[in-house]
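Shown next, in structure tokens, is the structure this report addresses.
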Amino acid sequence: MKIYNTLSRQKEEFIPVEAGKVKMYNCGPTVYNYFHIGNARNLVVFDVIRRYFQFRGYEVSYAQNITDIDDKIIAQSITEGIPTDEVTRKYITAFLEDLDKLDVNPPDYQPRATQYISQMINFIRALEEKGYAYEAEGDVYFAVEKFAAYGKLSGKKLVDLKVGARVEENEQKRYPFDFTLWKKAKPGEPKWQSPWGEGRPGWHTECVVMSRDLLGETFDIHGGGNDLVFPHHENEIAQGEAYCGHPTVNYWLHNGFLNIEGEKMSKSAGNFFIARDVLQKYPAEAIRYFFLSKHYRSPIDFNEEIIQQSLAAVKTLYSALKDVDYLNQQDLPEYSEAQQKLKEQFLDVMDDDFNTARAIALLFEAGKEARNKDNSEEDRLRFARLLVELGSVLGFFRNLAEKLSAGEDISGKTASLIELLLTYRQDFKKEKNWQWADKIRNDLKELGINLKDTPQGTEWGIDENAKV
RNA sequence: GGCGGCAUCGCCAAGUGGUAAGGCAAGGGUCUGCAAAAUCCUCACCCCCGGUUCGAAUCCGGGUGUCGCCUCCA
């Protein structure tokens, strides 16, 4: 497998720290609000990366933090007029719900910053002892100049940074790019007792402390959105390596940003999309398809048209499964050479830095073969089986049975009513009263019930537009 | 100002030296009373200029356009 490492700016052969195992960490949300569609991309991308490693036979340990103490949370608690712990409780619950709605498998670990306060304090003290950190009136800073490799991830040099300097003035800092390890509490703010007085940890420290606790001193993959490269991950590297004297992460993976109609998403610009709102309007699989149709490192542009296209594409995939009556198949036949070959192609493209766009094309190939009436019944089922197997690696087809039987859950009375209408329509058809026959069909369609005249009679089904 | 990405059919998007995957949409055929669904067929020389090469969308140089990071941010 080859994966792109931000650190080296090239694809590298993936070699795990421990054979057969993958330890990965992804920067999770700060729970001060519902997460947005851009966050959703990161969640889905790393969900797929994790699923693929598992599919490849690796035992994966996946940790994703929840930042539950931070300036933004304090600000939100003032806005909403509720204590910070209520803010975090509210948005953690929402986060977990939305994660599920997105068909993202929950991480193995979801550590919260507040559960690691004492360990962070110990960590910061150790940095202080090693001479990488200094205290200034209750705040503690990391001295970036002490860490020679600072900037190696983002390709920035301290000299260059100086020139562009858009950094906040802070005369307590010895150097403008020194970052906060411990922040002194202002009156009324949440606080913990520490050697430097009451305060709270800075943002960059939690990921270092929690990842080493859960995944070990050196682990395989650390991920996050592209914007975290600098300064967040740069600062993580500085702390982590200053602490233990060697790299702690082997592969740094970053997903590209999501734009809205070509513009960066921002609340002030009014083009801000909360994931749960989008999920209310479109099925998770359409959103997932949209994310995976482009390589995870490239920027992606979100708009209504794209999601509609994605939805149509996902439906095409499902129609293949309906075609072979997948739901009612018992023992699916074993793969023959053709399916094996397609599966190998899937492995090849996914091995190449998770090329989900090409992987999706292979899904369509399997779907096409599953529908191809020239194939034997057995072969069609084999391809359908492959479609489901590979599609699941990308996170599609969750609760498949439920989705394929959509419409069958309609209550008995309603169903009989529809059947009744159909018998009337049948009579009209016999009389060649096309006007009325068509009216029934059109009116039902408006109610979301689609009719299909077949030689065996008229079939009806619920329009799955909203459900896939 | 510093650093980096991208530019491929109407739309989305793979492909990084050997003659353009896939999806959506569109057009045509089959099926149908008409539809729908399904199915078959059709649909691009890759931003511009120059260079390297037997051969470039793919490499190099220049240009134009566009996006991002350098501040909290996925």
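The shown structure was predicted, so the numbers you read here are calculated from the model rather than taken from an experiment. Convention: sequence-line order gives letters A, B, ...; per-chain numbering from 1.
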What I want to check is whether an N or O donor and acceptor connect the side chain of [X] with the base of [N] at under 3.5 Å.
X      : N     : value
A/D453 : B/C34 : yes
A/R9   : B/C3  : no
A/R358 : B/A21 : no

To the nearest Å, how far apart are [X] [atom1] and [N] [atom2]?
X      : N     : atom1 : atom2 : answer
A/D70  : B/A74 : CG    : P     : 10 Å
A/N372 : B/U39 : CG    : P     : 9 Å
A/K429 : B/A35 : NZ    : C1'   : 10 Å
A/E459 : B/A38 : CD    : P     : 13 Å
A/H233 : B/C69 : NE2   : C1'   : 14 Å
A/Q345 : B/A21 : CD    : P     : 14 Å
A/K156 : B/G68 : NZ    : C1'   : 10 Å
A/N255 : B/A74 : CG    : P     : 11 Å

Between A/Y62 and A/Y109, is the gap from one ring center to the other below 6.0 Å? no
Measure centre to centre between the rings of A/Y251 and A/F14, then say whether the value is under 6.0 Å. yes
For the side chain of [X], counting heavy atoms from C-beta on, which of [options] is nearest?
X      : options             : result
A/L258 : B/C12, B/G4, B/A74  : B/A74
A/A357 : B/A14, B/C12, B/G33 : B/A14
A/K294 : B/A74, B/G33, B/A13 : B/A13
A/W203 : B/C69, B/C12, B/C72 : B/C72
A/Q309 : B/A21, B/G23, B/A74 : B/G23
A/K452 : B/A38, B/A74, B/A36 : B/A36
A/F177 : B/G68, B/U71, B/A74 : B/U71
A/D227 : B/C24, B/A74, B/A14 : B/A74
A/A361 : B/G22, B/A35, B/A14 : B/G22
A/K368 : B/C11, B/G33, B/C40 : B/C40

What contact category does [X] fall into here, base, sugar-phosphate, or nothing, at under 4.0 angstrom with non-hydrogen atoms?
X      : value
A/G224 : sugar-phosphate
A/S310 : nothing
A/F257 : base
A/Y289 : sugar-phosphate
A/L451 : base

Please name the nucleotide paired to [N] by Watson-Crick or G-U wobble geometry with both distances under 3.5 Å, or report none.
N     : result
B/G17 : none
B/A25 : none
B/C9  : none
B/G33 : none
B/G1  : B/C70

Please report the distance separating the [atom1] of [N] from the corresponding atom of [M], rounded so that it comes out in whole Å.
N     : M     : atom1 : result
B/G15 : B/C73 : C1'   : 33 Å
B/A21 : B/U42 : P     : 13 Å
B/C43 : B/G5  : C1'   : 31 Å

Hey, is A/W434 stacking on B/G33? Ring centres under 5.5 Å, planes under 30°. yes
N/O (side chain, [X]) to phosphate O (OP1/OP2, [N]) under 4.0 Å:
X      : N     : answer
A/S298 : B/A13 : no
A/S154 : B/G4  : no
A/R371 : B/U39 : yes
A/N355 : B/G15 : yes
A/K264 : B/C69 : yes

For [X] versus [Y], what's the shortest heavy-atom pair and its separation?
X      : Y      : result
A/N259 : A/P299 : ND2-CB, 4.3 Å
A/C27  : A/C207 : SG-SG, 3.8 Å
A/L387 : A/L317 : CD2-O, 3.7 Å

Check the side chains of [Y] and [X] for a donor-acceptor pair under 3.5 angstrom, ignoring hydrogens and angles.
X      : Y      : value
A/H36  : A/N39  : yes
A/D453 : A/T458 : yes
A/D220 : A/Y25  : no
A/N65  : A/E206 : yes

Upstream residue (5' side of RNA chain B) when A/N303 and A/H36 are each assigned their closest nucleotide: A/N303
